[in-house]
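Worksheet: the structure to be examined is printed underneath.
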Amino acid sequence: MTLDSTWVRAWIERTAEVVTAERHALSELDRQIGDGDHGENLARGFAAVRERMTELPDDAPPAVVVRLVATTLISTVGGAAGPLLGTAYLKAAAALGEARELDSDSVVSLLTAARDGIVLRGKADSGDKTMVDAWTPAVEAATESAGAGADPAAVLRSAADAAALGAASTEPLVARKGRASYLGDRAVGHRDPGAQSSSLIITAAADTAAESTKES
Amino acid sequence: MTLDSTWVRAWIERTAEVVTAERHALSELDRQIGDGDHGENLARGFAAVRERMTELPDDAPPAVVVRLVATTLISTVGGAAGPLLGTAYLKAAAALGEARELDSDSVVSLLTAARDGIVLRGKADSGDKTMVDAWTPAVEAATESAGAGADPAAVLRSAADAAALGAASTEPLVARKGRASYLGDRAVGHRDPGAQSSSLIITAAADTAAESTKES
Amino acid sequence: MKKLINDPADVVREAVAGFGLAHADLVVVSHDPVFVRRAGGAVAGRVALVSGGGSGHEPLHAGFVGHGMLSAAVPGPVFTSPTPDPIVAATLAVDGGAGVLYIVKNYTGDVLNFETAADLAEAEGVTVESVLVDDDVAVKDSLFTAGRRGVAGTVIVEKTAGAAAERGDDLAAVAEIARRTVAATRSMGVALAAGIVPHAGEPGFVLAEDEIEFGVGIHGEPGRERIPLEPVDAIVDRLLAAIVDDLGVVSGDRVLLFVNGMGGTPSVELYIAYRRAAEVLGEQGVVVSRSLVGNYVTSLEMQGLSLTVTRLDDELTELWDAPVETAALRRGR
Amino acid sequence: MKKLINDPADVVREAVAGFGLAHADLVVVSHDPVFVRRAGGAVAGRVALVSGGGSGHEPLHAGFVGHGMLSAAVPGPVFTSPTPDPIVAATLAVDGGAGVLYIVKNYTGDVLNFETAADLAEAEGVTVESVLVDDDVAVKDSLFTAGRRGVAGTVIVEKTAGAAAERGDDLAAVAEIARRTVAATRSMGVALAAGIVPHAGEPGFVLAEDEIEFGVGIHGEPGRERIPLEPVDAIVDRLLAAIVDDLGVVSGDRVLLFVNGMGGTPSVELYIAYRRAAEVLGEQGVVVSRSLVGNYVTSLEMQGLSLTVTRLDDELTELWDAPVETAALRRGR
Ligand SMILES: Nc1ncnc2c1ncn2[C@@H]1O[C@H](COP(=O)(O)OP(=O)(O)O)[C@@H](O)[C@H]1O
Ligand SMILES: Nc1ncnc2c1ncn2[C@@H]1O[C@H](COP(=O)(O)OP(=O)(O)O)[C@@H](O)[C@H]1O
Ligand SMILES: [Mg+2]
Ligand SMILES: [Mg+2]
Ligand SMILES: [Mg+2]
Ligand SMILES: [Mg+2]
């Protein structure tokens, strides 16, 4: 069983729906320890993504779709999340190469490249209370699951579960990167908005993969 | 029975006490239909009066005391009330002339001159919802009472009663002078702050006259 | 009440002291009585301009003391006209023998105190003329009011009259320019929330979350009416209609368009309003040939704005453009 | 939420349009992508300065576009860094062949987006240098933070670097002036109440009636700590102590003292604070040789202020004094 560009489109579409639905919740998290715009930023970016996706040829390979997401986010989101997530999708697109069918290993390298892109730009370590704290556990869980022979949907499900836990794990942390780092101890007790949105993104991947698998 | 400069000083002193005690209430009336500073303005002015009174010789005649009140109010109150009340005391001092003992007729001419001074400067008619609506009934009542042979304290009491009714009578009026005139119908239902403070001033005159009379 | 002050009774004194320290190159502050005059002293043979009024409208008036505008400003207590004494002292300090023009916003208190000051200054041998500014179309000018209020248009009057004095016009001519500017100027404002007078500690009025005070004055006086909050384009349309109608602006007229912040309104909102007003005037064939946007005549931290339109002729345009060097308005120097 | 706006999504677009209309003599506005550049086009052989960041801090940055300061400003959405595209477009529009200096406030979003823009502009053949402004002493600069924030001191950097570019310095020299100004500048702010981001509709934080946010950022980020409201003299003393200590200001130093309003603070309060700060510095033997007071780097309608001190040498003084002609700062022209 593999995933194809139909899944990629479904994933991106679902992501757009979810961040739009969660925009106020995400901005509210950001209001607690940042500047209150994270949900708005992502909703604006993914609305643009949705629009530009319609211009892609139907047979665009996964990497082309993902690269379009990258450049659209970079040119419409702004703030910290724009370049960080933009770079994530950019590196993910590079990792996908020419592939039209994604197996479990492709999914792992997609996630890994995305995470590495974020770290490259943002230089955050695990535990710095950033989106990295959702991505890194997701990559680790995916790697393990693929190693154990799981199919792509299952790999993504384990990644999503780990990302959700990772997002929750940011709550007790003091931030060392981004706006929340200005707060010192006062960031403790609040979930990082970027980790939360990254968890939503990875969960959207898992949910749409499960549906693709059912249909196929 | 006559009133002398001891009464004048007691009157001014009592006025200072009363406007200070009522400053918030007066400003609150002004906040409803003006700019909320009337109590503050008068409290500031009469505090200065109190201070400068100590510099007067003990035997200063009534007119000198009243003239000091006038110039002090003019130079410390500002706003509309400063020049208006200042002129009132200035004209009252002129009316007192050299007199050291004030009989009922002197009291009437004091009140009349004060009222005329306000009208001279402010050009308000009765019913314009200004301090004139306290002074004019006071002058009329005092004139009638003195004509009927009442003593100065009784003359002032009838003036004070009329001023209080006059102040209350401003409530249903639309204002045609001062800040409240900007409000049109919206001033209806609110008492004019200047009429209220003028009623306090005249009541202070009556109260201190009653006490002077008892003592003498 | 939350304010960055010390004792409310010291607000004006301390602020004026700070103003004097920050702008020592432009002004000299007298502390007793309180007034602010141009650095350099009276200019012989030149008409001097004195304005003033209650504090709380900064930068009006002290922010406009300097070359090309006021010779002196007399700040009263917050929202309360100054008494005659400091006005007289300022008059004597700046008179250069060519007479002094008082620019007075039309409020009973200001009118009476400047009137008394003029009498006293004349007694000291200074020739004084007074010009009343009454640009606020929110108030009906009739036998039944104290007349229109002087609001944001005061800045325009201080600028054109100041430039006339600077170029050497005599007192009558400077007064004529001031009166011509008043006659060509109309304003109207709106508030979302009132400012808080320090010694009062409470806002001048309280509005519901969906209400605005339409036609508000600059002392937190309640306005013409309370109406539901609307998009700013609709609010601008209402303000502008009242102004254009009253001033009789017609296609082909050249105007100065001034969007004034009341003190607590973000700059972006002022420019959004400017955009709409400029567009609407443009559609009417009116040429917006000069503009001003910013907090110039405020009401403490009031949230709101006012619109002012001045119909310009060639001379007023030239006077508006003339060099000016004050704390709050500077160009050409 | 009460604001004088139309659709929250249109705030920046409409405000920039209004800014362009009001200041057509000084700037040209590009609407897609959104940036503001100096009227008159790129100047051959002259270093160009580009700055930008989230909107809501007006007049920063567009208000400082013009002769002697910025060549272009790139406003992002409210409180959100612009994306690289408009930065690149602005860069290409103003490059006169002598290179472009980016003045970037130190926030992760701004840094990353300007970094990407620099890469893209370099790919188009433009030489770009970047200077980070990080003047806010409220934030500890350590391995455990994203570093200090760039706040009000940005204006000073834009002024001195702009003057250096105007006198013909090359890119390295202009960047050196900018870095020297950053090194000589420290700021710290305090808020009584947060501004309200239009699309959020709620204040960035809510304080009790007796609380202030000490060390607040210009995005409504919560500050260093919440403390009870104090008289402003005490607040100024705290802010100044942190700044003086960090900058190492000593007796005999000449400084520029800048009291910046956050957007919703009455002018009188800024001058009261200025008075105290100037007095305290004076007592320490520090010479306040230049000053600036007003709303220059705001946080929408935030109530509060910040203090900035820049240690001046002769060259920085000369650059500060140089003529400037922008919407929000003008002198000598
Ligand atoms: N250096 C960094 N590395 C990784 N993630 C970061 C970094 N800085 C910030 N972030 C993420 O960005 C999120 C904030 O995004 P957003 O609110 O859109 O941008 P901004 O902070 O510019 O307003 C944070 O919650 C955090 O997860
Ligand atoms: N033209 C006038 N004639 C008489 N009284 C007036 C006139 N204008 C105003 N007043 C009185 O002055 C009072 C307001 O005084 P105050 O609040 O001290 O001054 P201001 O209106 O300048 O703030 C009003 O309540 C009214 O009684
Ligand atoms: Mg954010
Ligand atoms: Mg009043
Ligand atoms: Mg008053
Ligand atoms: Mg942001």
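Note that the structure is predicted; figures quoted are calculated from it, not measured. Sequence lines set the chain letters: A, B, ... in the order given, protein chains first and strands last, and positions in each chain run from 1.
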Point to revise | Ion pair C:Lys3/D:Glu269, N-O distance below 4.0 Å | key: yes
What part of [X] gets within 4.5 angstrom of chain C, counting heavy atoms only: side chain, backbone, both, or neither?
X        : result
D:Leu300 : both
D:Asn295 : side chain
D:Ala191 : neither
D:Ile235 : side chain
D:Arg333 : backbone
D:Leu292 : neither
D:Val293 : side chain

**Study point:** Pick from C:Ala327, C:Ala22, C:Ala234, C:Gly264 with the largest number of heavy-atom pairs that fall under 4.5 Å of chain D
**Key:** C:Ala22
**Study point:** chain D contacts, top residue of C:Glu325, C:Glu279, C:Glu301, C:Glu211 (heavy-atom pairs, under 4.5 Å)
**Key:** C:Glu301
Revision key, fill the gap. When the 4.5 angstrom heavy-atom criterion is applied to C:Leu305 and chain D, the contacting part is both
Check your understanding: Which region of C:Leu207, side chain (C-beta onward) or backbone (N, CA, C, O), has a non-hydrogen atom less than 4.5 Å from a non-hydrogen atom of chain D, or is it both or neither?
Key -> both
Check your understanding: Under the side chain to side chain contact (heavy atoms under 4.5 Å, CB included) criterion, do C:Arg275 and D:Asn6 qualify, and how do the steps go?
Key -> CA-CA 12 Å; C:Arg275 177 201 115 274; D:Asn6 299 302; 4.2 Å; yes
Practice item. Applying side chain to side chain donor-acceptor pair (under 3.5 Å), run through C:Tyr274 and D:His23 and close with a yes or a no. Key: CA-CA 11 Å; C:Tyr274 180 90; D:His23 305 293; over 6 Å; no
Check your understanding: Would a 4.5 Å heavy-atom cut-off, applied to side chains only, mark C:Lys2 and D:Glu209 as touching?
Key -> yes
**Study point:** Any D:Ile272 side-chain heavy atom under 4.5 Å of C:Leu4 side chain
**Key:** no
Check your understanding: Roughly how far, to the nearest 0.5 Å, is the CG atom of C:Leu60 from the OG atom of D:Ser267?
Key -> 11.0 Å
Review point. Among D:Met302, D:Glu58, D:Glu230, D:Glu14, who wins on heavy-atom pairs under 4.5 Å with chain C?
Key: D:Glu14
Donor-acceptor contacts under 3.5 Å from residues 254-262 of chain C side chains, at least two apart:
residue  : atom : partner  : partner atom : Å
C:Arg254 : NH1  : C:Asp314 : OD1          : 3.2
C:Arg254 : NH2  : C:Asp314 : OD1          : 3.1
C:Asn260 : OD1  : C:Tyr296 : N            : 2.9
C:Asn260 : OD1  : C:Val297 : N            : 2.9
C:Asn260 : ND2  : C:Val297 : O            : 2.7
C:Asn260 : ND2  : C:Ser306 : OG           : 3.4

